[in-house]
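The next block holds one structure in the form of structure tokens; read it before the comments.
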Amino acid sequence: MKNKVAVIILAAGKGERMKSELPKVLHPVCGRPMLEFVLDTVRDLKIKDSVIVLGHKHQEVSKVLRSGIKTVIQKKVDGTASAVKIALFALGNFKGTILVLYGDIPLLRKETIAKLIKHHSANDLDATLLTANVDKPQGYGRILRDKYNTICGIVEEKDADEVQKEIKEINTGIVCFKKDKLISALKQVKPNNRKKEYYLTDTFGIIYNNKGLLDSVKVCDVDEAMGINSRIELAKANRIMQIRINEELMKEGVSIVDPASTFINFGTKIGQDTTIYPFTVIEKGVKIGKCCSVGPFVHLREDVEIADRSFVGNFLEIARSKIGSGCFAKHFCYLGDSSIGDNVNIGAGVVIANFNGKKKNPTVIKDNAFIGSDSILVAPVKIGKSAKTGAGSVVIKDVSDNTTVVGIPARPIKK
Ligand code: UD1
Ligand code: CA
């Protein structure tokens, strides 16, 4: 029988160890708040009953939530057990399995959670924990097992003795409970620990002592289990997520010459047979067509679109711009707030001066235009179809179709 599942996501903590004004779960992993990855997993698992526990700066955090997810506020952030208690209230009469996820575990895959839920339901367990065997267990709760190798409790790092600290099997924090067993165990949780908090992890020892049925599922890829508490862990998670993003793109037919030096944000679209050269940073919302060439040393900022068969490379920054097909911008340029047609050639060193000290202004470059090396286009400005600007010109006025301008300020010349 398929058991119904409700999920509780814990995201009330401040994230002290991040030492940041930004709530921990909003810190980006590959350009996206880490909490959003957890929300994706819940969506992909098609779990309808969901509650998220927010606390620290909850208004800010709630901005990334989607509709359909219930929110409860934990006023006093005094432990994961308290957080789960509050969430259970919000679930009302729900009957079935309670899955607990933490907002700071963005690398966890939905297949792993599905495996945990399946094991829990199939064996009619009272609680099933996702554990991992790691070389460096520092910072994680350690799994305690009895002489029959059954889980009999979890001890937090701060409360562990020297022998327990040697245990390499850790608590990922991801767990399934039978709702009624969880409720009765939570009633017995006491803040008898170094942090004086109500630990959800104590429910395991309690259920064991009540003769409950406990088991665990091991996560195969230990990277998935990583909880992010510090900037060091954040950087590690970024690297792992980046590998996933790059590999996904390569599977779809994008060539990435050196994945280790290519930083592509989550949600970027790149067409088949496009090549990305080293030292390229591509931010979120960027779309690149087929058969393009990007880099080396290119920074494509948010909301850049590049159509098929265009080449952008060698020390370029492009921001908020659309570039048509068959364009070339190959040598050190800044292109900002621009709309560029098809088959446009942008010479070396071209700068679009989009900011006048007060606001950003738009630039339009029409099809087949030729922008000479070292031109400065002072926005707002329009360059007509098949128009040309001479090398070193400073363009402050619109240029008509088929016209060539030169000089400072640029003036039309007869051909
Ligand atoms: C927790 C586990 C630890 C496990 C590790 C896995 C507990 C007591 N410890 O430790 O065994 O190995 O995760 O990464 O559970 N939160 C709330 N309300 C609170 C406290 C925390 O919502 O009152 C949220 C946090 O925002 C966070 C999550 O719960 O998303 C985990 O809290 P955190 O402080 O990061 O716990 P760890 O010390 O990492
Ligand atoms: Ca954590």
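Not measured: the values here are computed from a predicted model. Along the sequence shown, residues are numbered consecutively beginning with 1. Order of appearance sets the numbers: ligands from 1, and atoms from 1 within every ligand.
Looking from atom 18 (N) of ligand 1 to the surrounding protein, the closest heavy atom is Q74 OE1, 2.7 Å. The single protein non-hydrogen atom nearest to atom 10 (O) of ligand 1 is E156 OE1, 4.0 Å, given as residue, atom name and distance. Among protein heavy atoms, atom 30 (O) of ligand 1 sits closest to L10 O, 2.9 Å. The shortest contact between atom 26 (O) of ligand 1 and any protein heavy atom is with G13 N, 2.8 Å. The protein non-hydrogen atom at the shortest distance from atom 34 (O) of ligand 1 is R17 NH2, 3.6 Å. Remark: minimum distance from atom 23 (O) of ligand 1 to any protein heavy atom is reached at G79 N, 2.8 Å. The protein atom (non-hydrogen) at minimum distance from atom 21 (C) of ligand 1 is T80 CG2, 3.8 Å. From the protein, the heavy atom lying nearest to atom 4 (C) of ligand 1 is N171 O, 3.2 Å.
Residue contacts with ligand 1 for T172 involve N, CA, C or O but no side-chain atom from C-beta outward (heavy atoms, distance under 4.0 Å). Proximity of A83 to ligand 1, defined as any heavy-atom pair under 4.0 Å, is confined to the side chain (atoms from C-beta onward). Under 4.0 angstrom from ligand 1, there are no non-hydrogen atoms of E197. Residue contacts with ligand 1 for D78 involve N, CA, C or O but no side-chain atom from C-beta outward (heavy atoms, distance under 4.0 Å). Proximity of T201 to ligand 1, defined as any heavy-atom pair under 4.0 Å, is confined to the side chain (atoms from C-beta onward). Residue-level proximity to ligand 1 for R142 is absent, since no heavy atom of it falls below 4.0 angstrom.
Contact annotation: A11 has at least one heavy atom less than 4.0 Å from an atom of ligand 1. The closest approach between K76 and ligand 1 stays at or above 4.0 Å for every heavy atom of the residue. Ligand 1 has no atom lying under 4.0 Å from any heavy atom of I170.
Residues T268 and K284 have side chains not in contact (no heavy-atom distance under 4.5 Å, counting atoms from C-beta outward). You'll find the side chain of L130 reaches within 4.5 Å of the side chain of L108, heavy atoms only. Counting heavy atoms from C-beta outward, L182 and L88 have side chains that approach closer than 4.5 Å. The shortest side-chain heavy-atom distance between I323 and L335 falls under the 4.5 Å cut-off. Here the side chains of D303 and K287 are not in contact, with every heavy-atom distance at 4.5 Å or above. Side-chain contact between I113 and L101: present, with at least one pair of heavy atoms (C-beta onward) separated by less than 4.5 Å. Looking only at side-chain heavy atoms (C-beta outward), Y334 and F315 stay at 4.5 Å or farther from each other.
Using a 4.0 Å cut-off to heavy atoms of G141, the atoms of ligand 1 that qualify are 3 (C), 4 (C), 11 (O), 12 (O). Heavy-atom proximity to G103, at under 4.0 Å, picks out these atoms of ligand 1: 30 (O). Taking every non-hydrogen atom of N229 and a distance limit under 4.0 Å, the qualifying atoms of ligand 1 come out as 35 (O), 39 (O). Counting the atoms of ligand 1 from 1 in the order shown, those under 4.0 Å from a heavy atom of K24 are 35 (O).
Exactly one of K195, R194, R142, K165 qualifies for a salt bridge (charged side-chain N to carboxylate O under 4.0 Å, His left out) with E157. That residue is R142.
Here K179 does not pair with D126 in a salt bridge; the nearest charged N to carboxylate O distance is not below 4.0 Å. Using a 4.0 Å cut-off between a side-chain N of Lys or Arg and a carboxylate O of Asp or Glu, E21 and K57 qualify as a salt bridge. With respect to the salt-bridge test (charged N to carboxylate O, under 4.0 angstrom), the residues D124 and K178 qualify. In this structure, D337 pairs ionically with R320, as a charged nitrogen and a carboxylate oxygen lie closer than 4.0 Å. Using a 4.0 Å cut-off between a side-chain N of Lys or Arg and a carboxylate O of Asp or Glu, D223 and K236 do not qualify as a salt bridge. A salt bridge links E248 with K251: the distance from a Lys NZ or Arg NE/NH1/NH2 to an Asp or Glu carboxylate oxygen falls below 4.0 Å. For R301 and E317, the salt-bridge test passes: some basic side-chain N is under 4.0 Å from an acidic carboxylate O.
Residues in residues 269-294 take part in these ring-ring contact (aromatic ring centres under 6.0 Å, His included) pairs, two or more places apart or across chains: F279-F297.
Where the criterion is an N or O separation shorter than 3.5 Å, residue side chain and backbone included, Y199 fails it with respect to ligand 1. No N or O atom of I105 sits closer than 3.5 Å to an N or O atom of ligand 1. The shortest N/O to N/O separation between A12 and ligand 1 falls below 3.5 Å. Between V53 and ligand 1, no N or O atom pair is found at a separation short of 3.5 Å.
Listing protein N, O or S atoms at distances below 3.0 Å from the Ca ion (ligand 2), with waters left out, gives D104 OD2, N229 OD1.
Looking only at atom types and distance, the side chain of N246 has a donor-acceptor partner in the side chain of Q242 under 3.5 Å away. Side chains of N229 and K24: a donor-acceptor N/O pair is present below 3.5 angstrom, by distance only.
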